[in-house]
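Letters A, B, ... mirror the listed sequences (proteins, then strands); counts begin at 1. Reckoned from all heavy atoms, side chains included, excluding hydrogens, waters and symmetry mates.
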Amino acid sequence: MKDEQAICYTCENENCFIKKHLHLEQMKQYVQKKHSFVCKKSQQFIIEGAPIQGLYFICKGKVKTVKTGINGREQIVRLTKNGDTVGFRGFGTSKRYLIGAYALEDTVLCNFSNETMMEILQNVPEFTYALMLFYADELNKSENNIRKIAHMNVRERVIDLLLYIHRKFGQINGLIEIELSRKEIADFAGTTEEQVIRVLSSLKKEELIKTVGKRIGILAIPKLQSEIIEHKYF
DNA sequence: GCATTAATTGGTC
DNA sequence: GACCAATTAATGC
């Protein structure tokens, strides 16, 4: 428990739900009750089916949340970074986590217990309202994802993912600022490692992307966008 | 440096 | 488009 590095007042995640409502007097007492800790790269901190232990906020780092299928195949449900929240599904309704969560790199997490969350939700309407908007938005995204997996072919799904992580995590020195294994890309796109590699190889041949180790850089955003544009009716 | 793990390619069903 | 096998690259210890 290294609390020093995760005090909300000095936190720079302006989009964090807690940080956003920190100006409210009531929030101050709740912030004191949170627990911060570091989750090492590729370590799991939420186990599917385990009892819910509150809500996690990512202070610094990146996290993937997954759902496991019957045959051991994983489906990556969500990729999250600084200021995002993890483990909110089934909150209040379910006693157990419906998803698993892994750190994609060394990640500082802030945890609020069930009790603290309940108190906040019941006593800070501004927070509850913001969270509701967030839920609505997430639901919309997840419905879009269902549609994508249903209607897009593998190549389109991989392209869609590349554009997504490019938008979400940004690109530095021509490389997308996140490290995902080919397997993880496959888990997200709902296909296999080999398929992903084949799509990446052909995209590379077409000079639409480049790869350095497991890192990927996008070279021709508009061209990639045009390939999946028919699936995007916002 | 060796051993394990991940990436890649080619082939079969 | 999934699964398997062989080779090569990368990474951990």
Just checking A/Arg73: base, sugar-phosphate only, or nothing, at a heavy-atom cut-off of under 4.0 Å?
sugar-phosphate
If two hydrophobic side chains count as joined below 4.5 Å and joins carry through other members, does A/Ile52 share a cluster with A/Ile47?
no
Any side-chain donor-acceptor pair under 3.5 Å between A/Lys60 and A/Thr107?
no
Throw together a table of side-chain donor-acceptor distances under 3.5 angstrom for residues 219-228 of chain A, partners on residues two or more places apart or in other chains.
from: A/Ser226; atom 1: OG; to: A/Lys223; atom 2: O; distance (Å): 2.6
from: A/Glu227; atom 1: OE1; to: A/Arg155; atom 2: NE; distance (Å): 2.9
from: A/Glu227; atom 1: OE2; to: A/Arg155; atom 2: NH2; distance (Å): 2.6

Inter- and intrachain pairs under ring-ring contact (aromatic ring centres under 6.0 Å, His included), touching residues 46-66 of chain A, at least two apart
A/Phe45-A/Tyr56, A/Phe57-A/Phe112
Other than A/Val212, what residues sit in its cluster of Ile, Leu, Val, Met, Phe, Trp and Tyr side chains whose heavy atoms are under 4.5 Å apart, directly or through others?
A/Leu175
Can you name the side chain to side chain donor-acceptor pair (under 3.5 Å) partners of A/Glu115, sequence neighbours left out?
A/Ser113
Between the side chains of A/Glu184 and A/Lys214, is the shortest nitrogen-to-carboxylate-oxygen separation below 4.0 Å, so that they form an ion pair?
no
For DNA chain B, which residues of residues 192-204 of chain A approach it to below 4.0 angstrom with any heavy atom?
A/Glu193, A/Glu194, A/Ile197, A/Arg198, A/Ser201
By a strict heavy-atom criterion of less than 4.0 Å, which residues belonging to residues 210-219 of chain A are in contact with DNA chain B?
A/Lys214
Taking side chain to side chain donor-acceptor pair (under 3.5 Å) as the definition, give me every residue that meets it alongside A/Ser202, ordered by chain and number, with sequence neighbours left out.
none
Given that A/Val154 and A/Lys41 both sit by DNA chain C, which one's nearest nucleotide is further toward the 5' end?
A/Val154
Qualifying salt bridge (charged side-chain N to carboxylate O under 4.0 Å, His left out) pairs, either residue in residues 70-83 of chain A, two or more places apart:
A/Arg78-A/Glu138
Partners meeting salt bridge (charged side-chain N to carboxylate O under 4.0 Å, His left out) with A/Glu25 (sequence neighbours left out)
A/Lys28
State whether A/Lys20 and A/Glu14 are salt-bridged, where the test is any N-O pair (Lys NZ or Arg NE/NH1/NH2 against Asp/Glu carboxylate O) under 4.0 Å.
no
Along DNA chain C, first and last positions that approach a heavy atom of chain A under 4.0 Å
C/dG1 to C/dC4
Determine which pairs satisfy side-chain hydrogen bond (donor to acceptor under 3.5 Å, both in side chains) with at least one residue from residues 185-194 of chain A, sequence neighbours left out, and list them in order.
A/Lys183-A/Asp187
Are any of the side-chain nitrogens in A/Glu156 or A/Lys148 under 4.0 Å away from the carboxylate oxygens of its partner?
no
Start and end of chain A contact along DNA chain B [non-hydrogen atoms, under 4.0 Å]:
B/dA7 to B/dG11
